[in-house]
Amino acid sequence: MFDGRLFEGWSEKLTRRLASGTSRRGVLSRVGLALAAAPVFPLLPVDRSRAHAATTPRLTEFQKNAQVTDDTRCNYWRYCAIDGSLCSCCGGGVHSCPPGTQPSLTSWVGTCYNPADKRSYLIAYRDCCGTSSCRQCHCDNTDGALPTYRPQANNEIIWCFGTSSMAYHCSTAALVGVAE
Amino acid sequence: MFDGRLFEGWSEKLTRRLASGTSRRGVLSRVGLALAAAPVFPLLPVDRSRAHAATTPRLTEFQKNAQVTDDTRCNYWRYCAIDGSLCSCCGGGVHSCPPGTQPSLTSWVGTCYNPADKRSYLIAYRDCCGTSSCRQCHCDNTDGALPTYRPQANNEIIWCFGTSSMAYHCSTAALVGVAE
Amino acid sequence: MLCGLLGALLPCTALAAPPPILETEESNTAVMPKPNPHWLYVGTRAGGVTIIDGDTAKIVGTINAAPAAGFALAPQGKEYYVSETIWTRMNRGTRQDLLSVYDGHTLNLIKDIELPGRLIASGRTPYFSTSADGLRGYVYNMQPASSIITIDLAKRNVLGITEIPACGLIYPHGKTGVATLCADGALADVAIDASGHGRITDRIPFFDAQQDPVFEESPVDRAGGQALFITFNGMVHPVHLGAPSTLEKAWSLQQAAGLSPATTSPEQTTWRPGGRRPFAFHPGSKRLYALMHEGAPWEQKRSGTELWVLDTATHQLVNRFTLPTSGYAVGVSEDNAPLLFVLSEDGWLWVMDPETGKILRSLRDVGRTTLLATDRS
Amino acid sequence: MLCGLLGALLPCTALAAPPPILETEESNTAVMPKPNPHWLYVGTRAGGVTIIDGDTAKIVGTINAAPAAGFALAPQGKEYYVSETIWTRMNRGTRQDLLSVYDGHTLNLIKDIELPGRLIASGRTPYFSTSADGLRGYVYNMQPASSIITIDLAKRNVLGITEIPACGLIYPHGKTGVATLCADGALADVAIDASGHGRITDRIPFFDAQQDPVFEESPVDRAGGQALFITFNGMVHPVHLGAPSTLEKAWSLQQAAGLSPATTSPEQTTWRPGGRRPFAFHPGSKRLYALMHEGAPWEQKRSGTELWVLDTATHQLVNRFTLPTSGYAVGVSEDNAPLLFVLSEDGWLWVMDPETGKILRSLRDVGRTTLLATDRS
């Protein structure tokens, strides 16, 4: 169920960024965890292991209860690994930060199953930062969430790297590609 | 039921402070509200109007339910006008600040009725300041509590004047005299 | 369907066109929609001012604010103002008293205006307010002498300090008028000149500050200069704010409902106003909304189990609404099709029809409310 | 009684000696009592570390801490350390990463040691810890390169930075030993010299970091160097930390209870470990305490409905305690008459007898726990 065009669109950005200069490569080689600080999209390994064939999905508890219509509820399909307040409840949207906040330049990533098209997608969870905490619609979903030694899948880090303020406000869930 | 000795002991401090220099008097005349910034005891008007004769008390709702044995509960008699966390629940005591905090040098004041001896006492509510909020045993009693234009009876002000930090931690209730 | 017709020859899923793959998305930041009079501004104990659209009961945005902040709006929501105190090291370091100016469209910080001080207390409307035209800001200070700090909001600087000995709180009216309340139970008119300096010009004693004080959150229509100072017992003292201010005939909330007026007697259990912000006034209809509970004196912060609707022209009770959960703060939008807002101690916002009391919408987890504001623009 | 004998001649109250008038009081500040091993240190989401005496379930004191702080103790509670990040203007201004040192007797701030950085995340034990003798502090940093900042706690200065590429978290042992966990499922030994600089010396791969990772809050006895790295599925990997560290035979929590081992299959509903801090280890008795719930994989933060007691020598379940409210974090005092502590998501502390599971004492409104610490002194 891999869609080459869209996924390549996403990985193309990745490749462009990787080629954008020696200094960044220098940083990346030190990071080692495929985690980058500054670019618009985070540098991520593709999560192959948790992808599901469309025909025979073995669903997690979250996936069994996931819905595709209301992005202000914790069981909206994209929120499979979100930890925090939903920006959809705070004046933002599923991939939009509320006014007065900035999206983090890095993010953690989940692989979520969309019950409508039975595909799995890569979701970048970007924190929105800069203003008093929203405190609405708090969710703590943990499908595929990993400890800090796998930071790109960790939802407890305040992911406000690269923003002018690290005050946590809420979290978004942008679709960044199809999981293999 | 006025006890001259004890009350004079308290008012003596007051008088000493009033006589302690021109500069302080200059401040006091500007304040007008009988509120002082620095000394150990706050400068207070005696609350005559809310005192009760021991023989025929007309009790407020708080006074009817007040008890004299457990200073970690909101209905302890001295807490008739307290707003905040009880320091007795936070590692301090009824007139002691918990470790790492400082008592405010000024305070708000209540007149509370002691059901054990049927006397009314002046209670100085001093905030303890300097460390993260305690959050235990929150009470909001309002017997005789007045708006900010009567600050000496106001329990919403953060009374951390004169301490090195104004971070609110909890509130104490020191007995400072007998009400007339 | 073709696969159905073909029966078992091909499974249906194999022939149906697969749904299109969802498109990838960029992250961005929303801006504020055009303000409307049904927006409600709610300050909470934990900090932050939440903006909620009463027409949807959804959050539109959040303005950053420290705990114990004050809040005010420019007309038409062009700017938002937060008065706050921040230390360089959280609970230690250098104290900074600030008036933080936010852009109404982006909610981005425009400027921190440094203040010479401010009272730090659980946020109340008359600790920080603006003139009716929004050109001047007034910050109440007490450290420990009482004063008003006047700010030029257009030039973004502090004009000056006016001492108001033995008085406190700020009730601006019109372009430059300011009233305050005093420890002896008087209303005082304060004249503040263009340099921010001034003095008390008049004093009108009208209440017993010790036995039956007026609520700090007494409602004032800044544009019209109409104030309703309401005592703990429920006596309404209408005052036309001006230079000098003029007092009108007082009336009783209980008498408006056909009851005896409340007294300070501990034995008298009756309906009394109470809560964090017990009153809201709608200038167009001259209606007063009051959170009421049954109880004894000195329970002035107790939440209301009912919301009373009163006609301030006839001094009559128009309606009584039972609340779903006890109300802690009430607000009413200032337009001609108003919405009524009740915040409860347990964190609910109830959006109500002011004519019928019907719950139109609700929002939970709003947090413990301190400030509540609406704007007519 | 005289008044009784005199009967109606005089009312009893007129003759009885009036009770003495209560004495006036001075305000003062308490100091900390002598620490004992039954003290529990609880960090909360809202900030602050609360010290609770398990023998009374009462608060002894509170150490100031910003949200997302780390916490560590000097031996015998002589000093307390908070690693925290504070901006000069709350949510704006200059970032300050600090290791704040508090006196154990007065809880007064002794010094803020400025740090070159730290990871800002919901506080976890292996983000900030000390050597077993308390002479060195280690702060985990990731911005975005992973590193360990080593602090000389006696001299109160930063020694140096050791990069640990592709690894994270800090598990100190002994005087100078440090282990870390890596993205590829290995444990790495880190040698850090007296200048605070160092490198990874050994790597022992032992778990699948993607499918069945080990919990961050896996228990480690720093003094003895005994670690129990436990996976989401409940496989216990005993490691003797050293230079190099050595791996012992793994065993399953479920098998210890006579069940099949848990797998990553979504279809398998079984007893699984979970919570904010699901494990506590008592070095003296070699017993492991684990918060367990019935559920599917990928619910690793779900609170435990039961607390399991396991013998780590025999790999046998010793006891199962049903909890009054679901447990979020567990701790056990390190003395020979230990107390068991369970914090619940709804803010309760349950103090339990580790032998019987009996609730000895409780405290409510503790707040949402992040960190939990005990000390053997």
Side-chain angles (χ1 to χ4, degrees), chain B residues 27-38 42-43 45 47-50 52 57-64 80-81 83-84 101 105-106 129-133 138 140-162 164-169, chain C residues 45 67-68 85 87 89-93 95 119-124 126-127 140 142-147 163-169 180-188 208-211 213-218 232 264-267 269 274 276 295-302 345 370:
Chain B
V27 170
L28 288 173
S29 67
R30 277 166 61 218
V31 176
L33 284 171
L35 174 81
L43 186 59
D47 185 343
R48 290 158 214 272
S49 58
R50 307 212 60 253
H52 299 286
R58 294 172 67 205
L59 300 181
T60 65
E61 284 303 296
F62 179 88
Q63 290 166 348
K64 284 177 198 162
C80 71
D83 180 4
T101 66
L105 297 180
T106 54
C129 312
T131 197
S132 302
S133 178
H138 187 269
D140 191 359
N141 295 328
T142 52
D143 257 23
L146 300 176
T148 323
Y149 49 81
R150 293 289 287 259
Q152 72 277 27
N154 184 276
N155 64 12
E156 295 181 349
I157 294 169
I158 308 288
W159 278 103
C160 295
F161 300 101
S164 64
S165 160
M166 283 193 72
Y168 173 79
H169 182 69
Chain C
R45 267 176 190 254
T85 304
W87 278 259
R89 289 212 167 160
M90 193 174 62
N91 68 328
R92 51 201 194 267
R95 174 174 171 167
L119 173 68
I120 303 177
S122 181
R124 290 210 171 270
Y127 293 164
Y140 177 54
M142 190 197 87
Q143 44 183 184
S146 237
S147 63
E163 294 207 357
I164 47 169
C167 302
L169 305 177
T180 184
L181 294 172
C182 302
D184 61 359
L187 177 110
D208 182 335
Q210 177 106 348
Q211 291 296 315
V214 300
F215 280 98
E216 288 149 310
E217 298 278 0
S218 288
F232 287 6
T264 53
S265 164
E267 274 78 42
T269 298
R276 171 85 204 167
W298 299 113
E299 298 180 320
Q300 61 273 13
K301 288 195 206 172
R302 189 164 149 191
E345 263 190 273
T370 54

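We name chains A, B, ... by the order of the sequence lines, and we start the count at 1 in each one.
Between the CE atom in M90(C) and the OG atom in S132(B) there is a gap of 5.5 Å [rounded to 0.5 Å]. E299(C) contributes atom CD, which lies 11.5 Å from atom CG of D140(B) (distance to the nearest 0.5 angstrom).
Neither the backbone nor the side chain of T269(C) comes within less than 4.5 Å of any heavy atom in chain B. Heavy-atom distances place no part of A153(B) under 4.5 Å from chain C, backbone and side chain included. Using a 4.5 Å cut-off between heavy atoms, N154(B) contacts chain C through its side chain alone, with no backbone atom that close. Using a 4.5 Å cut-off between heavy atoms, L119(C) contacts chain B through its side chain alone, with no backbone atom that close. Interface remark: L181(C) contributes backbone and side-chain atoms alike to the contact with chain B (heavy atom separation under 4.5 Å).
The most heavy-atom pairs under 4.5 Å with chain B, out of S122(C), P213(C), S265(C), G168(C), come from P213(C).
You'll find the side chain of K301(C) reaches within 4.5 Å of the side chain of D83(B), heavy atoms only. By the 4.5 Å heavy-atom criterion applied to side chains, Y149(B) and V214(C) are counted as neighbours. For the pair P151(B)/M142(C), a side-chain contact is recorded, criterion being any heavy-atom separation below 4.5 Å from C-beta on.
Comment: E61(B) does not engage R302(C) in a salt bridge, judged by the lack of any side-chain N to carboxylate O separation of less than 4.0 angstrom.
Partners of D184(C) under the salt bridge (charged side-chain N to carboxylate O under 4.0 Å, His left out) rule, at least two apart in sequence or in another chain, are R203(C). Taking the salt bridge (charged side-chain N to carboxylate O under 4.0 Å, His left out) definition, one finds that E345(C) meets it with R368(C), sequence neighbours left out.
Of all heavy-atom pairs between A209(C) and L146(B), the closest is O-CD2, 3.4 Å. Residues A145(B) and F232(C) share a closest heavy-atom pair of O-CE2, 3.6 Å.
Although no hydrogens or angles enter the test, the distance criterion places a donor-acceptor pair under 3.5 Å between the side chain of T142(B) and the main chain of W298(C).
Looking at Y127(C) and T148(B), their side chains do bring a donor and an acceptor atom within 3.5 Å of each other.
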